[in-house]
Structure formats: structure tokens, C-alpha cells
Amino acid sequence: MPELAEVEFYRKQWLCGLQQRILAVELHSQARVLRGTDTEALRAILTGAVLLGSEAHGKQMFFRFSRKGFLGLHLGMTGSLRVQPPGSPAGRHDHLVLRQLKQSLAFTDPRQFGRVRFHAGDTPPPWRANLPAPILSSQFTRGAMEQFLRRHGGQPLKAVLLMQDGFPGIGNWMADEILWRAALHPERRPGQLNGGEMKQLYRQVRFVCRGAMRTVGAGVGSLDGEFGDPPAAWLFHRRWSKGGNCPRDGSVLLRAEIGGRTTCWCGSCQV
DNA sequence: TACAATGTTTTAAG
DNA sequence: CCTTAAAACATTGT
């Protein structure tokens, strides 16, 4: 499930383990989420290390440890970060569990489209470098967004919004929410947008990210928390099941595969 | 049963 | 080299 704000929510779940030592590391070394990762180094270095800090960037999370350890986590489609009692046994899909004195920090991912990466050393890992401008940062300007859209001027808007190089953190529901608010049909091509439409798109990209962070991403980790709902007037609440209505004009919402993903939009107000 | 699921990555084709 | 489309990945829930 996780997009921008859900990722931030899950990152915060592990904050309760800050400044505390990892006493033991449990992992499924053959799990697909650990592909390409040196699990022996991960275990050797993180055992005894202290969790020092973390940050989220789009759908990626980075955790920094003492002993020069860096952990990179991506939640894929079904991943989550949980906090469990210190002695609770690892579940079938808990592919990485960091045992601390007061709690266990678990990375869970049934479907395993997510990823766990590890790096140790003085320099930051290569997968931590050259990240795109965060949408809510000052570097994400209207000019930068329009330049990215022009580079993919022939793809449907929906597909371009899902590209993490240009819109880090946007996922399927946020892309639909943005296009609905901007009153733009998901099949529209960036190349044919006029100035006013571009401005509206930029505004709604930022609005939806900010609104999601404020609602969905709120709340600091307690034992097994759940994230909040977006505002009641958002498309989000109508888009999942067939037969939903447009919150704006009541039309029955349409559904089709666009840009390789199921897309939901209002046929009367998105043109 | 069969299909769809808030996501990338790889492969193939143009 | 670049873009686009399709397939692949693994599991669960409807």
C-alpha cells in the first residue's frame, strides 16, 4: 500500500528504537526482498550497533546506524514496518527483525515486491545518492516539473505521475487524486496541456502531497499503530470499489487500465 | 476459481 | 542511445 505519506508513517514507527542498541538480527536470508544484499555483513555489523537516525525520500527509507551501517528499505506493494514486543516470534513474512531491549523492529512484506539493502562504510551507499527533488521541497519548482513532463510528453499523464524520477512518492491512489483535483483526464498527454492546466497540475501535486502527509502520515509510532484517512471529500474514499461516485458532481466513476495500473476518474469533470 | 491488489525491474521491441 | 509495452516477481483476499 505505501505511497509518500504511508512510507513516512512507517518510518516513524521505528523511531521508538532510536539511540538503542540492536541486540540480535533475525532475517530470512533467502527471501526475495534481500536479493543482492550481503546478509552476513548486515547481521555482523548491525548486531551490537545503535540506531542513530532515519529519513524518508519518496517511497524509500534510510536508516543510519553506528558502526557505519546504512539500511535502505522499500515497502513495495505490501510492505510495512512494525514494532513488536521484544520476545515475540518473527512471523512468516517478517523478513528482517532487529531485536532491541525494549522492542523488536520488524520489516514485513508478504508479497515481497519491497527491498532491503545494506551498506557499510564511510561513504553513503550508491543507492542513497542522486535522488530526485522531493515534491514538498523548494527544489521541486513548477519549471522543473514542466521540464520533466515535456521529456515524457507522449505518455499519458497518469503514467508520468507514477515515474519516481520526477514525482518521488506518488503512487496509484495519489496520482488519481491529483488528476481528479486538477480536472485532467488521465489519458491526456503532457505535451498538449496549456499554461493554466500546467499550473493547476503543479498546484494539485503539491496539495495532495501536503494533505496526505498531514492526515495519513500523522501520528507517531505506538505499538502497532494505523495511519489516518485522507480528508473525507477526497476521491480516495470512493475509488476502491466499483460503483463509487464523484465527490464533486456525483457521476459514476470510471475505471480502466492506464499506464499499466487500474485508474479511476470522473468522466464528466476530468477532460 | 480466477482475478486483482497503494510497485518496481527486467526483457523485448520499435 | 531512447522510449514504450509487456511480463515477471509472490502472496492474499474477494
Side-chain angles (χ1 to χ4, degrees), chain A residues 1-11 13 28-37 56-61 72-81 90-96 107-117 126-127 130-132 135 147-180 186-187 189-191 205 208-209 211-213 215-217 226-231 234-244 253-265:
Chain A
M1 16 168 108
E3 303 180 21
L4 186 75
E6 289 102 344
V7 170
E8 177 62 6
F9 174 86
Y10 283 126
R11 182 189 68 84
Q13 293 295 111
H28 298 158
S29 57
Q30 297 310 307
R32 182 183 160 80
V33 282
L34 283 153
R35 62 196 177 281
T37 296
H57 191 288
K59 294 175 188 170
Q60 313 233 49
M61 289 177 287
L73 300 180
H74 191 292
L75 298 171
M77 198 89 96
T78 54
S80 65
L81 298 191
R92 185 152 92 94
H93 303 302
D94 294 341
H95 305 299
L96 175 68
F107 169 93
T108 303
D109 185 5
R111 215 166 149 189
Q112 299 198 71
F113 290 177
R115 191 154 190 187
V116 176
R117 292 197 252 218
W127 35 263
N130 298 323
L131 300 171
I135 293 173
Q147 189 177 25
F148 185 82
L149 285 171
R150 274 195 300 274
R151 270 219 304 283
H152 303 280
Q155 292 252 68
L157 277 174
K158 171 65 184 273
V160 181
L161 283 173
L162 291 174
M163 294 179 179
Q164 300 299 298
D165 281 352
F167 298 95
I170 301 290
N172 206 25
W173 80 255
M174 291 181 80
D176 285 356
E177 192 76 46
I178 289 162
L179 292 171
W180 175 74
E187 287 271 24
R189 311 290 145 147
V205 165
V208 169
C209 287
M213 290 298 253
T215 55
V216 179
E226 264 305 312
F227 36 71
D229 269 340
W234 283 25
L235 180 70
F236 180 89
H237 301 283
R238 327 277 186 106
R239 54 165 282 121
W240 302 111
S241 53
K242 270 181 74 175
L253 295 167
L254 304 177
R255 235 165 273 274
E257 186 165 305
I258 300 174
R261 307 296 300 281
T262 298
T263 298
C264 175
W265 76 100

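A, B, ... follow the sequence lines: proteins, then strands. Residue 1 opens every chain. As the structure is a computational prediction, the values presented were derived from the model and not from experiment.
An aromatic stack links F113(A) and the base of dC9(C), using centre distance under 5.5 Å and interplanar angle under 30°. Evaluation of W240(A) against the base of dT6(B) yields a stacking contact (centre distance < 5.5 Å, interplanar angle < 30°).
When rounded to the nearest whole Å, the span between CG of L162(A) and C1' of dT3(C) equals 17 Å. Here dA10(C) presents its P atom at 13 Å from CD of Q30(A), a figure rounded to the nearest Å. When the P atom of dG7(B) is taken as reference, atom CG of D109(A) falls 12 Å away, rounded to whole Å. Atom pair N172(A):CG and dT6(B):P shows a separation of 5 Å (rounding to whole Å applied). Atom CZ of F167(A) is separated from atom P of dT8(B) by 14 Å (rounded to the nearest Å). Rounded to whole angstrom, the span from the CG atom of D229(A) across to the P atom of dT6(B) amounts to 17 Å. Going from atom CG of L75(A) over to atom P of dT9(B) covers 13 Å, rounded to whole Å. Rounded to whole Å, atom P of dT14(C) lies 17 Å from atom NZ of K242(A).
Under the 4.5 Å side-chain criterion, counting only non-hydrogen atoms from C-beta, P132(A) is not in contact with F148(A). In this structure, F107(A) and V33(A) have side chains that are in contact, with non-hydrogen atoms separated by less than 4.5 Å.
Sequence order on DNA chain C of the closest nucleotides to R189(A) and P110(A) puts R189(A) first from the 5' end.
Among the heavy atoms of the strands, none lies under 4.0 Å from T78(A). The residue E6(A) sits close to a base: some heavy atom pair falls under 4.0 Å. Note on R92(A): only backbone sugar-phosphate atoms sit closer than 4.0 angstrom, heavy atoms only; bases stay farther off.
The gap from the C1' atom of dA5(C) to that of dT6(B) amounts to 22 Å, rounded to the nearest Å. Comparing the C1' positions of dT9(B) and dT12(C) gives an interatomic distance of 22 Å, to the nearest angstrom. Straight-line distance between the P atoms of dA7(C) and dA4(B): roughly 14 Å, to the nearest whole Å. Between dT8(B) and dG13(C), the distance separating the two C1' atoms is 22 Å to the nearest Å.
In this structure, H93(A) does not reach the dA10(C) phosphate: none of its side-chain N or O atoms is under 4.0 Å from OP1 or OP2. Contact annotation: H152(A) does not reach the phosphate of dT3(C) (side-chain N/O to OP1 or OP2, under 4.0 Å). Contact annotation: Q155(A) side-chain N/O to dA5(C) OP1/OP2 distance is under 4.0 Å. Checking the phosphate oxygens (OP1, OP2) of dT8(B), a side-chain nitrogen or oxygen of Q164(A) falls inside 4.0 Å. R111(A) has no side-chain polar atom (N or O) that falls below the 4.0 Å cut-off from OP1 or OP2 of dT12(C). Between dT6(B) and R261(A), a contact under 4.0 Å exists linking OP1 or OP2 to a side-chain N or O.
Base pairing annotation: dT11(C) forms a Watson-Crick or G-U wobble pair with dA5(B), both donor-acceptor distances under 3.5 Å.
Ring geometry for H95(A) against H28(A) counts as perpendicular: the plane angle is over 60°, on a 0 to 90° scale with 30° as the lower cut. Ring pair F236(A)/W240(A) is perpendicular by interplanar angle, where above 60° counts as perpendicular and below 30° as parallel.
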Is there a side chain to side chain contact (heavy atoms under 4.5 Å, CB included) between Q60(A) and V7(A) once you walk through the steps? CA-CA 7 Å; Q60(A) 313 233 49; V7(A) 170; over 6 Å; no
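Side-chain atoms of Q155(A) never come within 3.5 Å of backbone atoms of G153(A) as a donor-acceptor pair (strictly under, hydrogens ignored).
Side-chain proximity of T262(A) to the nucleotides dA5(B), dT6(B), dT12(C) is greatest for dA5(B).
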